[in-house]
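Hydrogens, waters and symmetry mates are skipped; everything else that's a heavy atom, side chains included, is used.
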Amino acid sequence: MNKSMASQKEKSLSSIAGIEAAFSNSLISSLDPAKSAKQLGLSAGGRIFWLGPDDRVRVDGYGDTSLSGRLLPLPSQLQNPTATNTDIFDSGESWIAYTTTPLRIKEKSSGRLLLIQDLSSLRHEYDELRQRLWLLGGMVSIIIAALGILLADSMSRPLEELTGAIERVQAGKLKQSVPVTGSLETVALAEAFNKMAARVASLDEQRRAFIADAAHELRTPLASLQVLAEGINQNAGANPKELNAFVRQTDRLSRLVNSLLLLARLDNPEFHITKVPLLVTNLIEEAIWVIKPLAAERQIKLNIESSGEILIVGDPDWLHRALINVLSNAVYYTPVGGLIHLKAELKHSLAYIIIKDSGPGVSPEVLAQLGTRFYRPTAARERSSGGTGLGLSIVKEILNIHKGQLEFLSSPDGGLIVRMIIPVISSEVSNSVTTL
């Protein structure tokens, strides 16, 4: 509408310029000014007034003689008699364009011309446009409101489902998942919750399995103790074999309970270790000194490969326990007269302590299970040797605390390869090295 009004003003200015020239010529030619004003007004689509220098009406294009000599009040924007101006005014029911220009006859000022145009059609177009805009605005508002409701519902529904899932987890139903839908933020939140819920459910299953396995493991020595105690009670004289069996079961039960307590301590989030710089060679030498008698009893040869100085940071006692557990496991599974090869090497800022035995080896399925709590490759062998199935689990937890890893590989020529991986430190960190 602004463009239409600007265009109308340009047309009015163009029309008044042509009217001024034509009306001036008609006066020079002594034509009837009233008739000329009427014709020019009709061609311009308006009403022509010839106003004198005092803005009194000289000629009315509509021929209304009653206006002759009367002062015609004009808007303030058009009161300058020497300027060509145009403007559009609202009369309440219509728009009216007023355009004035000075009139010169033979280069002499002779008042000015006033062109008045009724813009009812333009006002009608504006009213129709405004109605259409109101209607369109109402429709758009309804559409936006509907879309807003749908968007709010699409955003609130995933949150409601997530809230419900959290409440069910709080109630003890840990296996929960929510649909991964909605906005990017909602999708990320749903994915994070599903991962967390799956992790919590997995940990709960592991806890339940751990309790069940622990109860099963404790049941066997307790049952044996009960039978042995009943046998001793029934016999007047104590049988040395029964007493020895009683002691062995008691010792096995004690080791199992100690291992469980040790794992519980390692699982505690508030558990902390004392880390100090230490040499891997010192760690290996101390472990070999402890394991040598057991290896000699089974006529197993220990082959130690020199590795140079590799400096790590960790708790000497816990790392010593971890290495002893791995070496003890290797001795138990290496046949009499076998060989255990031990070496340390440095790769990519990581210290590798590698223990390779000459035992029968394990299948790929068993490799994936090694380190799982209470898992035994051969349950009969473990029970006969007094094993609890927790030794490698303890090693794994100790290395995790040291930000390390425990890996198992099958040797191409038979046997099992165990790799204890521990991050190393630079020699600038500390000049003091724990020698165990």
Side-chain angles (χ1 to χ4, degrees), residues 1-140:
M1 290 308 302
N2 288 336
K3 291 182 179 179
S4 297
M5 287 186 174
S7 176
Q8 180 60 44
K9 288 180 180 180
E10 291 179 0
K11 290 179 181 179
S12 297
L13 290 173
S14 176
S15 296
I16 199 70
I19 290 171
E20 189 273 337
F23 190 76
S24 176
N25 291 332
S26 68
L27 293 179
I28 295 174
S29 302
S30 301
L31 296 177
D32 184 3
K35 184 177 181 180
S36 178
K38 182 178 181 180
Q39 291 177 347
L40 291 172
L42 290 174
S43 63
R47 185 175 182 177
I48 299 294
F49 288 92
W50 176 20
L51 306 179
D54 53 0
D55 282 343
R56 293 184 182 275
V57 177
R58 289 186 177 181
V59 173
D60 176 13
Y62 276 14
D64 188 352
T65 57
S66 63
L67 296 177
S68 181
R70 293 183 59 179
L71 180 65
L72 190 64
L74 296 176
S76 59
Q77 296 93 323
L78 304 176
Q79 289 182 356
N80 186 358
T82 61
T84 299
N85 290 315
T86 183
D87 210 341
I88 298 175
F89 303 93
D90 191 349
S91 65
E93 297 180 356
S94 179
W95 287 340
I96 299 177
Y98 287 77
T99 309
T100 65
T101 188
L103 176 62
R104 300 182 66 84
I105 301 175
K106 295 181 179 181
E107 302 300 327
K108 293 182 180 181
S109 177
S110 301
R112 56 177 170 166
L113 294 178
L114 171 64
L115 172 62
I116 301 177
Q117 296 169 295
D118 185 4
L119 304 181
S120 299
S121 60
L122 189 61
R123 173 63 181 270
H124 181 67
E125 291 178 3
Y126 168 76
D127 291 339
E128 287 186 346
L129 177 60
R130 184 172 60 180
Q131 291 176 1
R132 289 196 295 269
L133 288 176
W134 275 109
L135 179 61
L136 180 61
M139 294 175 61
V140 170

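For the side chain to side chain contact (heavy atoms under 4.5 Å, CB included) test with Leu114, the passing option among Ile48, Leu74, Val57, Leu103 is Leu74; the others fail. Screening Thr82, Asp55, Thr84 for a side-chain hydrogen bond (donor to acceptor under 3.5 Å, both in side chains) with Arg112, the sole residue that qualifies is Asp55.
With rounding to the nearest 0.5 Å, the separation of OG in Ser24 from CD in Glu107 is 8.5 Å. Put simply, OG1 on Thr99 and CD on Gln8 are 8.0 Å apart, with the number rounded to the nearest 0.5 Å. Atom CD of Gln117 sits about 11.5 Å away from atom OG of Ser120, to the nearest 0.5 Å.
Closest approach of Leu27 to Pro33, counting heavy atoms only: CD2-CB, 3.6 Å. The shortest heavy-atom contact between Ser26 and Ser36 is OG-OG, 3.2 Å. For Ser12 against Thr86, the heavy-atom pair with the smallest separation is CB-OG1, 3.9 Å. Residues Leu115 and Ser15 approach most closely at CD2-CB, 4.2 Å, considering heavy atoms. Of all heavy-atom pairs spanning Arg58 and Pro53, the tightest one is NH2-CD, 3.4 Å.
Listed by first then second residue, pairs satisfying salt bridge (charged side-chain N to carboxylate O under 4.0 Å, His left out) with a partner in residues 39-50 read Arg47-Asp60, not counting sequence neighbours.
Put simply, the side chain of Leu42 does not reach to within 4.5 Å of the side chain of Gln39, judged on heavy atoms. For the pair Lys106 and Ile28, the minimum side-chain heavy-atom distance is below 4.5 Å.
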Note to self: Test side chain to side chain contact (heavy atoms under 4.5 Å, CB included) on Ile116 and Ile96; report intermediate values, then the result.
What the structure shows: CA-CA 7 Å; Ile116 301 177; Ile96 299 177; 3.5 Å; yes
Note to self: Please evaluate residues Asn85 and Gln77 with respect to the criterion side chain to side chain contact (heavy atoms under 4.5 Å, CB included), reporting the C-alpha separation (whole Å), side-chain torsions for both, the decisive distance (0.1 Å), and the verdict.
What the structure shows: CA-CA 8 Å; Asn85 290 315; Gln77 296 93 323; over 6 Å; no
Checklist line | Intermediate values then yes/no, side chain to side chain contact (heavy atoms under 4.5 Å, CB included), Lys9 and Asp87 | finding: CA-CA 7 Å; Lys9 288 180 180 180; Asp87 210 341; 3.7 Å; yes
Next item on the list: Show the numbers, then the answer: is there a side chain to side chain contact (heavy atoms under 4.5 Å, CB included) between Leu67 and Leu72?
Entry: CA-CA 8 Å; Leu67 296 177; Leu72 190 64; 5.8 Å; no
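Ser43 places a side-chain N or O within donor-acceptor distance of the main-chain N or O of Leu40, the cut-off being under 3.5 Å. Remark: side-chain polar atoms of Glu20 are not paired, donor with acceptor, to backbone N or O of Thr101 under 3.5 angstrom. Between the side chain of Thr100 and the main chain of Leu113, no donor-acceptor pair closer than 3.5 Å is present. Judged purely by atom type and a 3.5 angstrom limit, Ser14 has no side-chain atom pairing as donor or acceptor with the backbone of Glu10.
Checking Ser94 against Asp118 by side-chain atom types alone, a donor-acceptor pair falls below 3.5 Å. Residues Ser4 and Glu125 bring no donor and acceptor atom of their side chains to less than 3.5 Å of each other.
No more than 12 heavy atoms of other residues, nucleotides or ligands sit less than 6.0 Å from atom NZ of Lys11.
The ring pair (Phe, Tyr, Trp, His ring centres under 6.0 Å) check on Phe23 picks up Trp50, with sequence neighbours excluded.
Trp95 and Tyr126 have tilted rings, their planes meeting at an angle from 30° to 60° on a 0 to 90° scale.
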